[in-house]
Amino acid sequence: MKGGAIHSPPMPANVPEILSQRLLEAMRSAVGGTLPQGASPALSPAKNPQFGDFQANGCMALGKQVGKPPRDLAAAVVGSLARDAAFLEIAEAPEVAGPGFINIRLKPAALASALDAMDGPALGVPAPAPARTVVVDLCGVNLAKEMHVGHLRATVIGDALARLHARLGHRVLRQNHFGDWGLPIAMVTLEVKTRSEAGRLDMASLTLDRLEALYRHAKAASTPDKAALALCRRHGLGPKATAECEAQALAAEENLARAKSALVALQSHDPAYVRVWERISEVTLAACFENCRRLHADVTGEHTAGESSYAEELAPLVADLEARRVAEPSDGALVIRLDEFGIKEPVIVRKSDGGFIYATTDLAAIRRRVQKLGGEVVIYAVDARQSLHFRQVFAGARKAGYTRTASGAEATLVHAAFGTVLGEDGRPFKTRSGDNVKLADLLDEAVARAERAVAEKNPALDAAERRLVAEAVGIGAIKYADLSSDRIKDYVFSFDRMLAFEGNTGPYLQYALARIRSIFRKAREQLGIDEASLVSRRAALALSAPEEKAIALELLKYPGVLAASAEACEPHRLCGYLYDLATAFSAFFSNCPVLQAPDDATRLSRLRLCHLTGRVLKDGLDSLGLIPLERM
RNA sequence: GCCCCCGUAGCUCAACUGGACAGAGCAACGGAUUUCUAAUCCGUCGGUUGGAGGUUCGAGUCCUCCCGGGGGCGCCA
């Protein structure tokens, strides 16, 4: 979704809206005047077709509030609705069921006109009131490190949340919090610099693969092998082994000291170090942006703010905390106590050696995002293992006043935490040797598998299109698998399942859309029917078959699902909805001939259903960051 | 030791934030193709929602305790 999203003007035929209004009115008269705070008809699509099209559960909650039997209240509500002309224009006289449910059946004409009203540019999605600025923290790559499945989730989920909010009409700013600062970074910078100066490394042809190896090497060389040393001492492995261990420890200490001075050099902008560091950064980000491009995730340089970009802000920030006594000394360090937020663990903002740590940077990031970028909502798509860290930092920022927006309101901070990606053995997803799986390799394999499937199922596609389709299907499958289950839970990574064409998968949704597109190609070729004219002529919708009615009701849910999915930061809700819609369409497709419909009116009506279903599917896929396909 | 998250069909996952008989896909079994992509659709089988209490008209969902799994707990990011 680019720039400003599209929105509906106030809709004359917003059926759920009207039903809710009439219900609320009826509830008011049922209690004789004033409703208690928060009373709502709780109107929702019927859970089961036998209960009608919509159900209102509000009378049961109301009964509890006003101390009256819910069934009596519901009976009174139903009684006054049965005399309400505005209500009866769109629905049959409602019924009470069970402990106080109100079941509502729409009149066929009302269903058709609701659908017709939805077929505008916005697909029934209202403009937000008010539109907000939403900052989304996503991706979070680290310098000199390959992206792996953890970054996959942070990127895919974060990008989907950004798209969802943008689709609803909010102003969205993506922020890729790039880990490019700190001691480990200094280590690898020093390593690269030393090798390059010794002529053993060509900076121009530096690859991320090579960088990651150097990073590991540098890190190992600066870490005393305590385990080995302990082993030598405990088991008396002989003077030679012990001496080797001690030598390693000594060397590590020296290397660590060198890394620390490299960090100081970087911090004081020593050009020789900065040049190397910038090159490493460039190589890392080039790979990151290439991965994001393939992932169809909108993350580029303009969305990237390195930790280094906060470096100059940290000392003043901490001084501010100290001056205002938000932070206090503790064992030589400076901490913010968070007891008033129910958090026992204080957050350290300055180490006893005077250095800053990641919590300090995260505070600076919150301050920038809220007070400089104008974020009213800041969402973090970050691993659930950082839950405590974010609770601390959010509370600390609040205590410091960094969450106060320009208008004086408190920004909403959300940790959209996600679980771990597991292999099919139920253990964290790793290679056999225990290393992280490179994201790029994962994408390659998904695309290769998708290409084999496409070649087999649709040999008619030429090689170039097959390649494009495979890319969209393979990558889409991975993304959808990541988005379609509750993000807080761990999920099991399985190529076979995610690339299946049955069940709640990306390919299944893309396929449903491709079938719709195919119908319109044939409609044009064989019958000369143009999709655009279909809409402009507002062909009448006749919803007689159960499959037609089922799709119509499903379509009407879209705006509500989109809003709920964004509000809860849970893309899987939208996924589940799109799967239901695609399923309803598939049932329709096999039972209701469109082009071969019995008469012209039915054909046009069904074509409009296809058109609207296709639009919602495409809009939904766009909002999740999957690529809709004309053909597959 | 303290804190957080998770536990739903053999497997992988849902359940609109407290609503009606807990739903899908896979697997197993049985059907549907002169028709727009069968990459599909329809049906059958499959459940003490980890356990025990509690709250209420109503609990997979909220509270308490237990069991099991994962994670995190100032000076790494």
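Because only heavy atoms are used, hydrogens play no part in the values below, and waters and symmetry mates are left out as well, while side chains stay in. None of the values given here were measured: they were computed from a predicted structure. Each chain gets a letter, A, B and so on, in the order the sequences are listed, and its residues count up from 1.
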Integer angstrom distance from the [atom1] of [N] to that of [M]:
{"N": "B:G19", "M": "B:C29", "atom1": "C1'", "result": "35 Å"}
{"N": "B:G18", "M": "B:G7", "atom1": "P", "result": "16 Å"}
{"N": "B:U8", "M": "B:G50", "atom1": "P", "result": "6 Å"}
{"N": "B:C66", "M": "B:G10", "atom1": "C1'", "result": "27 Å"}
{"N": "B:A15", "M": "B:U55", "atom1": "P", "result": "28 Å"}

Sugar-phosphate, base or nothing in reach of [X], heavy atoms under 4.0 Å:
{"X": "A:Pro593", "result": "base"}
{"X": "A:Phe589", "result": "base"}
{"X": "A:Asn458", "result": "base"}
{"X": "A:Lys64", "result": "base"}
{"X": "A:Glu525", "result": "nothing"}
{"X": "A:His572", "result": "sugar-phosphate"}
{"X": "A:Arg350", "result": "nothing"}
{"X": "A:Gln55", "result": "base"}
{"X": "A:Ile488", "result": "sugar-phosphate"}
{"X": "A:Ala568", "result": "base"}
{"X": "A:Arg71", "result": "nothing"}
{"X": "A:Cys592", "result": "base"}
{"X": "A:Ala359", "result": "nothing"}
{"X": "A:Ser387", "result": "nothing"}

[N]: pairing nucleotide in any strand, Watson-Crick or G-U under 3.5 angstrom:
{"N": "B:C65", "value": "B:G51"}
{"N": "B:A20", "value": "none"}
{"N": "B:C11", "value": "B:G25"}
{"N": "B:U56", "value": "none"}
{"N": "B:C73", "value": "B:G1"}
{"N": "B:U37", "value": "none"}

Handout entry: side-chain contact (heavy atoms from CB on, under 4.5 Å) against A:Lys618, all qualifying residues, sequence neighbours excluded
Key =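 Residues passing side-chain contact (heavy atoms from CB on, under 4.5 Å) with A:Lys618: A:Leu513, A:Asp622, A:Pro628.
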
With distance as the sole criterion, do the side chain of [X] and the base of [N] form a donor-acceptor contact below 3.5 Å?
{"X": "A:Asn103", "N": "B:A20", "answer": "yes"}
{"X": "A:Arg573", "N": "B:U17", "answer": "yes"}
{"X": "A:Gln50", "N": "B:C21", "answer": "yes"}
{"X": "A:Ser518", "N": "B:C36", "answer": "no"}

Problem - RNA chain B contacts among residues 504-514 of chain A, heavy-atom distance under 4.0 Å - result: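 Close to the strand are A:Tyr508, A:Tyr511, A:Ala514.
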
Exercise for the section: Taking only heavy atoms on the protein side, list every residue of residues 329-340 of chain A lying under 4.0 Å from any atom of RNA chain B, sorted numerically. Expected result: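 Close to the strand are A:Ser330, A:Asp331, A:Ala333, A:Val335.
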
Practice task
Assign the ring pair A:Phe394 / A:Tyr380 to parallel, tilted or perpendicular, where the plane angle (0 to 90°) is split at 30° and 60°.
Solution key: tilted

Which listed nucleotide ([options]) is nearest to the side chain of [X]?
{"X": "A:Ile348", "options": "B:A77, B:A14, B:C75", "result": "B:C75"}
{"X": "A:Arg497", "options": "B:A14, B:U12, B:A39", "result": "B:U12"}
{"X": "A:Val594", "options": "B:G19, B:C36, B:C16", "result": "B:C36"}

Exercise for the section: For atom CZ of A:Arg521, decide whether the heavy atoms of other residues, nucleotides or ligands shown that lie under 6.0 angstrom number more than 12. Expected result: yes

Exercise for the section: Would you indicate whether A:Gln65, at its atom CD, is surrounded by more than 12 heavy atoms from other residues, nucleotides or ligands within a distance under 6.0 Å? Expected result: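 Yes.
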
Problem - Closest-nucleotide ordering on RNA chain B, the 5'-leading residue of A:Thr583 and A:Gly182 - result: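 The answer here is A:Thr583.
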
Fill in the blank from the handout: Walking RNA chain B from its 5' end, the first of A:Pro346 and A:Ala46 to be reached, judged by nearest nucleotide, is A:Ala46

Handout entry: Close aromatic pair by centroid cut-off 6.0 Å: A:Phe495 and A:Phe493
Key = yes

